[in-house]
Amino acid sequence: MSERTTLPPHRAPGAPPAVREPAHVPVAHVVRGGIVEGVHHGSVVVLAADGSVEFQAGDIEAAFYPRSALKPLQAVGLLRAGLPPLEDPLLALVAASHSGEERHLAAARDILALGQLTEDDLRNVPDLPYDPAVRDEWIRRGLGPTRLAQNCSGKHAAMLLTCRTRDWQLDNYLDPGHPLQRELAAAVADLTGQGIARVTVDGCGAPLFSVSLHGLTRAAARLATAAPGTDEGRIAQAMREHPEMVSGSARDVARLVRAVPGLLAKDGFEGVQIAALPDGRAVGVKIADGGDRARMPVTAAALSHCGVAPEALAPFTTTPVLGGGAPVGVLRAANTLAPYAI
């Protein structure tokens, strides 16, 4: 099969971010009965359309691991490395942390089939479906963990298909020294505009690259503003048009994308969220303790500073705090985000 030359970088990446203990600040409050019962610390960055930092809280320059919020960048890297053309729903799955619904499994199988590959070729960790309802049904059917059901199977299927297309070795495609992973690292450095501070292993077994929250958010803006037909633009289009493939039918990220026209969004484990608008305004969120419950209220507060309509964000700004089964408070963005908190 034919080789493909790696595209030149958009610009030479800068220095890697500093590896240090992040100086996070309070970003979310758990309020019960009028008293702040709990505090989530974290960091937030809001970029203006020209790429300048409009607002920041905490430490947006320290090295951190974006977890699955890095997948859109890796998806661009796969296209640059020679991933064959895919229909948009399949391309959305390449950037997905999917819920394990049947449509997700079928799409992963379709990607594998294009390279005459099967689930046995995958090297991600076997798991149950991510969505609780889907997982419960899976267990009721007597099914156990599989590589296809694991939420990163779309990315892994695309990695294998790219290797098949480039005549690269398949069985060690997760090795950081593999040609595929070197190309993905180069794409991450290009899109973020900075070198990679550290490389470790993500939960699925794939190499995970450390950048800064600022760099990750800058990359999200690059995808959101990319011209149609470019590798970045193709990923952005697929993610916008098929948010349920990127996450799942019951996931808050899919609902947010449907609520805000043109929004590009991706979550990641350990409380990470990026979101970007077509004009380049973008937000990045990291919840220090990894608490997922704080991720969306903080993201909504950050997006409000981008001028997103309050009515579009209203379903995402707070989470009820219950007492005796009835609401007695809320989880909301902390005063750190004022006056932008809703």
Side-chain angles (χ1 to χ4, degrees), residues 4-17 45-53 60-83 91-92 94-97 152 155 158-159 162 176 179-200 202 206-240 246 262-268 272-286:
R4 172 176 167 175
T5 302
T6 303
L7 295 178
H10 177 75
R11 58 186 177 278
V45 61
V46 179
L47 300 183
D50 64 2
S52 62
V53 175
I60 68 171
E61 303 296 354
F64 89 123
Y65 290 116
R67 301 301 299 272
S68 286
L70 197 66
K71 285 176 179 172
L73 284 64
Q74 292 170 306
V76 171
L78 285 165
L79 289 176
R80 292 182 179 184
L83 177 67
L91 198 54
V94 175
S97 301
C152 304
K155 177 180 76 173
M159 286 180 175
T162 304
L180 174 73
Q181 300 301 336
R182 292 201 302 268
E183 294 226 13
L184 298 188
V188 169
D190 170 40
L191 293 168
T192 60
Q194 59 188 180
I196 293 169
R198 298 278 173 87
V199 179
T200 188
D202 208 342
L208 177 62
F209 310 116
S210 177
V211 294
S212 70
L213 185 63
H214 187 185
L216 179 69
T217 308
R218 187 164 51 228
R222 279 193 62 182
L223 268 66
T225 58
T230 62
D231 292 335
E232 295 92 332
R234 290 172 60 197
I235 295 299
Q237 174 181 307
M239 293 179 66
R240 287 178 177 133
V246 180
L263 190 70
L264 175 77
K266 183 70 184 74
D267 56 340
V272 182
Q273 181 72 57
I274 51 173
L277 293 159
D279 65 357
R281 291 172 294 165
V283 306
V285 171
K286 164 63 181 174

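When a residue number appears, it is its place in the shown sequence, counting from 1. The figures that follow rest on heavy atoms only: side chains count, while hydrogens, waters and symmetry mates do not.
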(Q) Taking the side chain as everything from C-beta on, heavy atoms only, tell me whether V283 gets closer than 4.5 Å to L47. (A) no

Q: Please report the C-alpha distance between K155 and S97 in whole Å, then the side-chain angles of each, then the deciding distance to 0.1 Å, and finally whether the side-chain hydrogen bond (donor to acceptor under 3.5 Å, both in side chains) criterion is met.
A: CA-CA 9 Å; K155 177 180 76 173; S97 301; over 6 Å; no

Q: Would you indicate whether the side-chain heavy atoms of Y65 and K286 approach each other to under 4.5 Å?
A: no

Q. Can you find a heavy atom in the side chain of R222 that is under 4.5 Å from one in the side chain of V76?
A. no

Q) Do V94 and Q74 come close enough that some side-chain heavy atom pair is under 4.5 Å? A) no

Q | Nearest-0.5 Å distance that lies between atom CD in E232 and atom CZ in R80 | A | 5.0 Å

Q) What distance separates L83 CG from I235 CD1, expressed to the nearest 0.5 Å? A) 7.5 Å

Q: Look only at the side chain of Q273 and the backbone of G268, and say whether a donor-acceptor pair between them is shorter than 3.5 Å.
A: no

(Q) If you apply the rule side chain to side chain contact (heavy atoms under 4.5 Å, CB included), what do you find for V272 with L70, and how did you get there? (A) CA-CA 10 Å; V272 182; L70 197 66; over 6 Å; no

Q) Which value, rounded to the nearest 0.5 Å, describes the distance between T192 atom OG1 and F209 atom CZ? A) 11.0 Å

(Q) Would L91 and Q237 count as a side chain to side chain contact (heavy atoms under 4.5 Å, CB included) here? Give the steps. (A) CA-CA 9 Å; L91 198 54; Q237 174 181 307; over 6 Å; no

Q) Distance from R218 atom CZ to L213 atom CG, nearest 0.5 Å? A) 10.5 Å

Q: Mind checking the CG-CE spacing from L184 to M159? Nearest 0.5 Å is all I need.
A: 5.5 Å

Q. With side chains defined as the heavy atoms from C-beta onward, is the minimum distance between Q194 and H214 less than 4.5 Å?
A. no

Q) Is there side-chain contact between V199 and L208, with heavy atoms separated by less than 4.5 Å? A) no

(Q) When you compare the side chain of F64 with that of L216, does any pair of heavy atoms fall below 4.5 Å? (A) yes

Q.
Closer than 3.5 angstrom, by distance alone: can the side chain of T225 be matched with the main-chain N or O of A221 as a donor-acceptor pair?
A. yes

Q) Does the R240 side chain pair with the main chain of A224, one donor and one acceptor, at a distance under 3.5 Å? A) yes

Q) Between atom OG1 of T217 and atom CD1 of I60, what is the distance when rounded to the nearest 0.5 Å? A) 7.5 Å

Q. Can you name the nearest heavy-atom pair linking A158 to L78, along with the distance?
A. CB-CD1, 3.9 Å

Q: Please tell me if the side chains of S210 and T200 come closer than 4.5 Å, counting only heavy atoms from C-beta onward.
A: no

Q.
Closer than 3.5 angstrom, by distance alone: can the side chain of K71 be matched with the main-chain N or O of A96 as a donor-acceptor pair?
A. yes

